[in-house]
Each structure stands twice: as structure tokens, then as C-alpha cells.
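Residues: numbered from 1 along the sequence shown. Everything numeric in this text was worked out from a predicted model, so none of it was measured.
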Amino acid sequence: MATIPSRTQRGQSATAVSGASLAAGAMMTLSGALSILMGVSGVAQDTLFATSAGYTYWFDLTTWGVIHLVIGVVLLVAGLGVLADKSWGRGVGAAMAATSLITQFMLVPHYPAWAIPMMTLDLLILFALTRFLVETSGAAP
């Protein structure tokens, strides 16, 4: 008796990126690009940020800008790595999404309308990158 596979892969090459990895890569490139824009605003001493002297995680605007620039560039590169199905992309992407999540949390008092949606995006990236699939056989033992 012939065994019929439970799933076929017509028209897909061996290097095709799965749905969740494709979504994670796209979200990382978006998050990276937005973090770069946020970093440029901080370095340019834009009036985008509100400043409060009594905040525990207070940095000057240039420091916030540099932090977001670095995180944004690495997220963008890692996102492109995931989209290109590189083995290092998922690990670097998960680490940088977690780092971005922490820095966005620290930015909440300065610009909550930006930080909270970015934290949500980082959580979605982490979920998509750290999920794992359990393959089950369609054939009975």
C-alpha cells in the first residue's frame, strides 16, 4: 500500500521561508527601520521626546538616539537574514527583539504613543521567532 504524505510542497524550493519566519522577518525589517527613524530623531535633538528629570532610566536625547540607531540597524540586518533563511538570523533577531523590547519599555515615559505599539511589535517578533513546530506523522503505526 502506498503512503500518501499529509502535506505536499509543490513549487517550493528547499530554501523557502515558512509563514511565521516570513512574518517575523518582515516585522523585524519594519521594526528596524522605525527604530532607525526614532534614532535619527533623537540624535537630531528633535522635540519629539518629552523629558522628565525624575525618571529612573533617564538618558539624554543623543544617547537614546544612538541606542535606537544601533538596535534598528541590527534588527534590519537580522530581519533580512531571516528573510534570506540564514541560520544566524533567528538567534540574532530574537536577541535584538528582546533588547528592543527592553529599551522601548524604558522609553515609555518619554513617548508612550510610540513605545507601546513598538513593544507589541517586538513581542510578536519574539513569538514568531521562538515558536517551534511539532511534526506528526499522518500514518498510523
Side-chain angles (χ1 to χ4, degrees), residues 2-141:
T3 305
I4 300 172
S6 61
R7 197 182 336 171
T8 61
Q9 296 181 353
R10 294 183 196 149
Q12 289 185 351
S13 65
T15 61
V17 179
S18 71
S21 293
L22 180 64
M27 287 187 290
M28 283 193 318
T29 56
L30 175 66
S31 179
L34 291 173
S35 291
I36 290 170
L37 293 175
M38 176 61 85
V40 169
S41 294
V43 170
Q45 298 293 329
D46 198 354
T47 59
L48 185 65
F49 296 104
T51 57
S52 61
Y55 182 52
T56 304
Y57 305 115
W58 186 84
F59 296 113
D60 64 345
L61 292 180
T62 304
T63 304
W64 275 119
V66 170
I67 289 170
H68 284 285
L69 273 172
V70 170
I71 290 173
V73 167
V74 177
L75 269 173
L76 187 65
V77 169
L80 293 173
V82 168
L83 291 174
D85 202 25
K86 300 295 182 187
S87 60
W88 53 266
R90 293 179 69 86
V92 171
M96 289 313 297
T99 303
S100 177
L101 177 65
I102 292 167
T103 58
Q104 294 297 337
F105 173 76
M106 293 168 55
L107 189 68
V108 167
H110 296 290
Y111 195 10
W114 176 272
I116 293 170
M118 290 299 290
M119 287 169 51
T120 305
L121 185 61
D122 291 334
L123 285 171
L124 288 171
I125 292 167
L126 282 170
F127 175 74
L129 288 177
T130 58
R131 89 215 189 304
F132 62 94
L133 298 175
V134 177
E135 294 286 333
T136 58
S137 174

How long is the straight-line distance from CE of M118 back to CG of L123, given to the nearest 0.5 Å? 11.5 Å

S31 to L121 - nearest heavy-atom pair and separation: CB-CD2, 3.7 Å

If I take atom CG from residue L34 and atom NE2 from residue H68, how far apart are they, to the nearest 0.5 angstrom? 11.5 Å

Please find the pair of heavy atoms, one from V40 and one from L69, that lie closest to each other, and give the distance. CG2-CD2, 4.1 Å

I want to check something: taking the side chain as every heavy atom from C-beta on, are D122 and I125 in contact at a cut-off of under 4.5 Å? yes

Donor-acceptor contact below 3.5 Å, side chain T130 vs main chain L126: yes

For the residue pair T103 and L107, establish whether any side-chain heavy-atom pair is separated by less than 4.5 Å. no

Value for CD1 (I71) from CD1 (I102), rounded to nearest 0.5 Å, stands at 9.0 Å

Are side-chain heavy atoms of Q104 and I116 found at a separation under 4.5 Å? no

What's the shortest heavy-atom distance between A24 and L129, and which atoms? CB-CD2, 3.6 Å

Separation of S21 OG from M28 CE (nearest 0.5 Å): 9.0 Å

As an exercise, state the distance from CE of M106 to CG of L101, rounded to the nearest 0.5 Å. 12.0 Å

Heavy-atom closest contact (P117 atom, P112 atom, distance): CD-O, 4.0 Å

So, the side chain of S100 versus the backbone of M96: is there a donor-acceptor pair under 3.5 Å, distance only? no

Shortest non-hydrogen contact from V74 to V92? CG1-CG1, 4.0 Å

Heavy atoms only: give me the nearest T29-L76 pair and the separation to one decimal. O-CD1, 3.6 Å

Is there a side-chain contact between W64 and M38 in this structure, where contact means two heavy atoms from C-beta onward sitting under 4.5 Å apart? no

